[in-house]
Amino acid sequence: MTISQSENHIPFLRKSGGAWELIVDNKPYLILGAELHNSSMSSARHMESIWGKLRAMNINTVLGNVTWEDIEREEGVFDFTELDKILVAARSAGLRMILLWFGSFKNGSSTYVPGWVKTNTSHFPRMRIRGENGILKLSDNISIFHSECVMADTKAFTELQRHLANIDHERTVLMIQVQNEVGLLGDSRDRSPHADKLFNSAVPNHLVEFLSSNLNVLHSDAQEKLGRFRDAVLLYQTTEQHSWEDWFGSSVYTDELFMAYHYAIYVESIAAAGKEAYNIPLFTNAWLPKPAVGGGLGNLIAAGGSLPGSYPSGGPISNVIDIWHWLTPSLDFVAPDIYAADYTATCQTYKRGGRPLFVPEQRRDAPGARWLWEAIGSHQALGACPFGIDSLEPESFAYTAQYKLLDSLKALILRSRQESKRTFGFYFDELEGGQADESPPISLSKSSIFSYLEHLFSEDLIQAVAWLLRSMLGGDGFKVEFKSRSATSAFTGILRAEEKSVQDPVTGDLRTERILNGDETRSGKWVNMPSENPDYGDGFIPLLTPAGTRIVEVQVYSIDE
Ligand code: DGJ
């Protein structure tokens, strides 16, 4: 029986005012998260030295992996000792956790399966890929086409979920990622005899039906790959039995579709059983392809690759995301790991169909910290988390200051989502010392008033990050000008600008620190949000003093004639 989530304070997702909220302790929660390196969570002792600095980085949620090899070293014998110690330590550090289940697959390989799975290839067969000269070789992936593998993983994941349901009464764990960046690396599909047989058999009828009835609404990347299918649906009845190549043609994208169909079913079986055991939000993540540069070369370790197989073939990327969504009802969403891909387009892809956006991994440097504002401000993300947090220090971590500001604004942000108020997150690229600012201004239309956001000059590097809620501004390194859209407007100006600080972090209530006018608004022309303190701007007269709190509320007026 499913336990009621709100009664038991189990975290859950709910849509409110058109945006998704993660509900924790029965209240909306904004994830200010970061992901640990892969081996950190294997030892509670190793983690002891890390908790304190995570707090100093203004992080509230830590993403860390629980691995199949750690919890079931011996078949059927489960050991959660390290995990339990880690959860206690996280709790006493005041941190929440998102656990990443490194089960059958991690970065397109099976390196985290227990030794008894790795070595017993007759019981847990592996996929086969083309090696040099087309000769088949064993891959590092257990087979998604054999029930033994999925059953063993399902059993282990269900044990983990049951364990969390039993011990995590304080709900330290907020969500679970099921597997990590699934897909086959090294080839576009499994070429084992068993997989070949399936590939040469009839495409499951429900897939043909799904694709033909959704052909014009699938992601544009999928539509682009389905040219042959468009012709085939004119030739065949959807109920006819034809092989994968008959329906879709011979292409690495047909292979990818075949793999995606089977990977999604594999992950869904595990997620469904795990959800039944503990009804907490579940998701899986994607290794994204890198836009093609000089052929299909990829980095077979961590990110990139432009063709299926140089990125994990069958993982939940844009070519097949609709199939993943359709076949994985037990996952609350699918999430992108964003390092090199177009940030805006990726966020839009993963929000398809009004789904929640969460970025479990992204760049941990200054550009990544700027993306954060777009994710939270413009895409209503649950969070956007840098990877590899524990090898940084609070002073050198680009998100430390951003998380501090977001922490003070979070109640306001969450409330604005509930009230369907428009928020907008943006950033400008970083300028090297002396480099001219070539970034075009951003224009925002707010009912009758236009706002113009521009890089604000600075002597040194500029960190232009911001968030705009109605007339509330947060961030630094930019200026905002306003102009009425009315044809009869003869003048637009700033009526009042107030530097604000958060008085009550729980309600988000603000109080006024200073009234900004004169130099601080360039005599009513724009709102300054300098990035340095002091910021002397473009001359020797100190015209710019920063909004020390990095929060300003502004009212604008227009005179019509
Ligand atoms: C993506 C993976 O999901 C992470 O676990 C980690 O291996 C990073 N790549 C490393 O860049």
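Worth knowing before you read on, the calculation uses all heavy atoms, side chains too, and leaves out hydrogens, waters and symmetry mates. Both ligands and their constituent atoms are indexed starting at 1 by order of listing. Being a predicted model, the structure only gives us computed values, none of them experimental.
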- Item | Close N or O approach (N38, ligand 1; < 3.5 Å) | yes

Open item on the list: Can you confirm whether the side chains of E361 and Y339 place a donor and an acceptor under 3.5 Å from each other?
Closed with: yes

Using the six-membered ring of Y253, assess whether NZ or CZ of K225 lies under 6.0 Å from its centre and within 45 degrees of the ring axis. yes

**Message:** Whether the S192 and D190 side chains hold a donor-acceptor pair (N or O, under 3.5 Å, no angle test) is what I'd like checked.
**Reply:** yes

task: Scan side-chain atoms only and decide if R91 and T172 contain a donor-acceptor pair under the 3.5 Å cut-off.
output: yes

For E181, the ligand 1 atoms with a heavy-atom partner under 4.0 Å come out as 1 (C), 2 (C), 3 (O)

Quiz item: Looking only at N/O atoms, are K106 and ligand 1 under 3.5 Å apart anywhere?
Solution: yes

If we number the atoms of ligand 1 from 1 as shown, the ones under 4.0 Å from a heavy atom of E361 are 1 (C), 2 (C), 3 (O), 4 (C), 5 (O), 8 (C), 9 (N)

Within the 4.0 Å heavy-atom cut-off, what W287 brings close to ligand 1 is neither

- request: Establish, from distance only, whether the side-chain atoms of N38 and K106 form a donor-acceptor pair under 3.5 Å.
  value: yes

For D337, the ligand 1 atoms with a heavy-atom partner under 4.0 Å come out as 3 (O)

Taking only non-hydrogen atoms of N180 and a 4.0 Å limit, the atoms of ligand 1 in range are 2 (C), 3 (O), 5 (O)

query: So, does H37 sit close enough to ligand 1 that a heavy atom of it is under 4.0 Å from the ligand?
result: no

Is the distance between the ring centroids of F145 and F199 under 6.0 Å? no

